Amino acid sequence: MSPQLTVLKPRSPLYFAWRRFADNKAALVAGAILLLIVLMAIFAPLISKTGYAEQKFLTQAYAFPQAEFWFGVDDLGRDFFTRIVYGARVSLTIGFTAAAFSLIIGIPLGAVAGYYGGRADWCVMRLIELFSVVPPLLAAMLLGTLTNGGFATIVLIAALFGWVQVCLLVRAQVKAMAQKEFVRAAQALGATPGYIIRRHLIPNAISPIIVGFVLAIPLAMMLEASLSFLGIGVPPPVPSWGQMINVGMNFMYFYWHLAVFPTAALAITVLATTLFGDGLRDALDPTLKGR
């Protein structure tokens, strides 16, 4: 009898992407931390003792961290752990919403610039240069002052300055694929440019789109924290990490926990999101070979 040959199925690109991502221990740990923070934000009412605005501990104001109050009590008698957890809701919601709007702006502009080139590419690049030379924080302060801040204003500002990176990633990917055989075949069959961009180029640029989305989140969170720190962000009593840092700085020398915990929460979340995004970028990079 002749020996049977075992036919191995070819591995999918997602398999090699996962292997590259799993090899990045920092990205794995960052992803686990980010998942934990997201779950805490979602289930905040289940893990907190009180509402974020309830002043149930006025007689214990400024209390330091202890078994009863994990993160202490703030100056108005509110449980600080509760406010930190609800602050995650605000920061993450703004981050994800602003990143989504960045995709809405950046994907079509990047696709048009990469596919058509010429004047369309020139116009998009000049627009990118315009938004690149304007300091985001100064522009955000101006718009925030004119509109009195708020959730919608912060999302709008973050999206206006977050789409640039997404646009550049999509433009580079579409430009590299615009001369491929499958695109030329679609053109020969009479497909319109809009159809080619929508059905062929953008789906094949999903990797940089995912990376751009993830990396836009910490930028929006930092912008929100900066505006809230300056007093033109999310209005109280809704908790915001930047707003809490602003208040805590007044008591830094006497009640350190009022500034340290929101600062640490913001730093850990931004760092975890950035490392996770870097890991995704390395894993989804099409120039890396499966190993």
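All values reported here derive from a predicted model rather than from experimental measurement. Nothing fancy with the numbering, it's 1 onward along the sequence.
- In this structure, L46 is a member of the same hydrophobic cluster as I37, with clusters built from ILVMFWY side-chain heavy atoms closer than 4.5 Å.
- Between the side chain of Q66 and the backbone N or O of F64 there is at least one donor-acceptor pair closer than 3.5 Å.
- Note: L103 CG to I210 CD1 = 10.0 Å, rounded to the nearest 0.5 Å.
- Note: F81 and F71 meet the aromatic proximity criterion, with ring centroids under 6.0 Å apart.
- Note that the CG atom of D278 and the CG atom of L215 stand 6.0 Å from one another [nearest 0.5 Å].
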Run the side-chain donor-acceptor check on residues 50-62: report pairs under 3.5 Å with partners two or more places apart or on a different chain.
from	atom 1	to	atom 2	distance (Å)
E54	OE2	G51	N	2.9
Q55	NE2	L76	O	3.1

Using the rule given for side-chain contact (heavy atoms from CB on, under 4.5 Å), can you reason through D121 versus K175, listing the C-alpha separation, both sets of side-chain angles and the distance that settles it, and then say yes or no? CA-CA 10 Å; D121 189 29; K175 200 167 189 177; 3.5 Å; yes
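- Contact detail for L275 and A30: the closest heavy-atom pair is CB-CB, 3.7 Å.
- Remark: M222 CE is loosely packed, at most 12 non-hydrogen atoms of other residues, nucleotides or ligands lying under 6.0 Å away.
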Under 3.5 Å, side-chain donor or acceptor atoms of residues 257-265 against the rest of the protein: list the pairs with distances, not counting sequence neighbours.
from	atom 1	to	atom 2	distance (Å)
H257	NE2	A63	O	3.1
H257	NE2	V73	O	3.4
T263	OG1	A259	O	2.6

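- V183 is connected to I209 through a chain of hydrophobic side-chain contacts under 4.5 Å among Ile, Leu, Val, Met, Phe, Trp and Tyr, so both are in one cluster.
- Distance CD1/I217 to OG1/T269: 11.5 Å, rounded to 0.5 Å.
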With side-chain contact (heavy atoms from CB on, under 4.5 Å) as the criterion, how do V155 and F101 come out once you've worked through the C-alpha distance, each side chain's angles and the decisive distance to 0.1 Å? CA-CA 8 Å; V155 169; F101 278 105; 3.9 Å; yes
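- Atom CE of M125 is surrounded by more than 12 heavy atoms from other residues, nucleotides or ligands within 6.0 Å.
- When the side chains of ILVMFWY residues are joined at heavy-atom separations under 4.5 Å, either directly or via intervening members, L271 and F213 end up in two distinct hydrophobic clusters.
- At least one donor-acceptor pair closer than 3.5 Å links the side chain of Q243 to the backbone N or O of V238.
- Under the 4.5 Å side-chain heavy-atom criterion for grouping Ile, Leu, Val, Met, Phe, Trp and Tyr, V112 is not connected to Y195 through any hydrophobic cluster.
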Steps toward side-chain contact (heavy atoms from CB on, under 4.5 Å) verdict (Y86, R83): CA-CA 5 Å; Y86 276 94; R83 291 186 62 77; 5.9 Å; no
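- Taken together through direct or relayed side-chain contacts under 4.5 Å among Ile, Leu, Val, Met, Phe, Trp and Tyr, L280 and L219 form parts of separate hydrophobic clusters.
- Using a 30° and 60° split on the angle between ring planes, F131 and F161 fall in the perpendicular class, above 60°.
- In the displayed structure, W256 atom CH2 is contacted under 6.0 Å by more than 12 heavy atoms of other residues, nucleotides or ligands.
- Although no hydrogens or angles enter the test, the distance criterion places a donor-acceptor pair under 3.5 Å between the side chain of W241 and the main chain of I84.
- Between the CG atom in L39 and the CG atom in L34 there is a gap of 9.5 Å [rounded to 0.5 Å].
- Summarising the geometry, atom CG belonging to L168 is positioned 13.0 Å from atom CD belonging to Q173; distances are rounded to the nearest 0.5 Å.
- The pair E129-R126 counts as a salt bridge, with a side-chain nitrogen and a carboxylate oxygen less than 4.0 angstrom apart.
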Would you sort out whether I105 and C167 count as a side-chain contact (heavy atoms from CB on, under 4.5 Å), showing the intermediate values? CA-CA 8 Å; I105 301 173; C167 181; over 6 Å; no
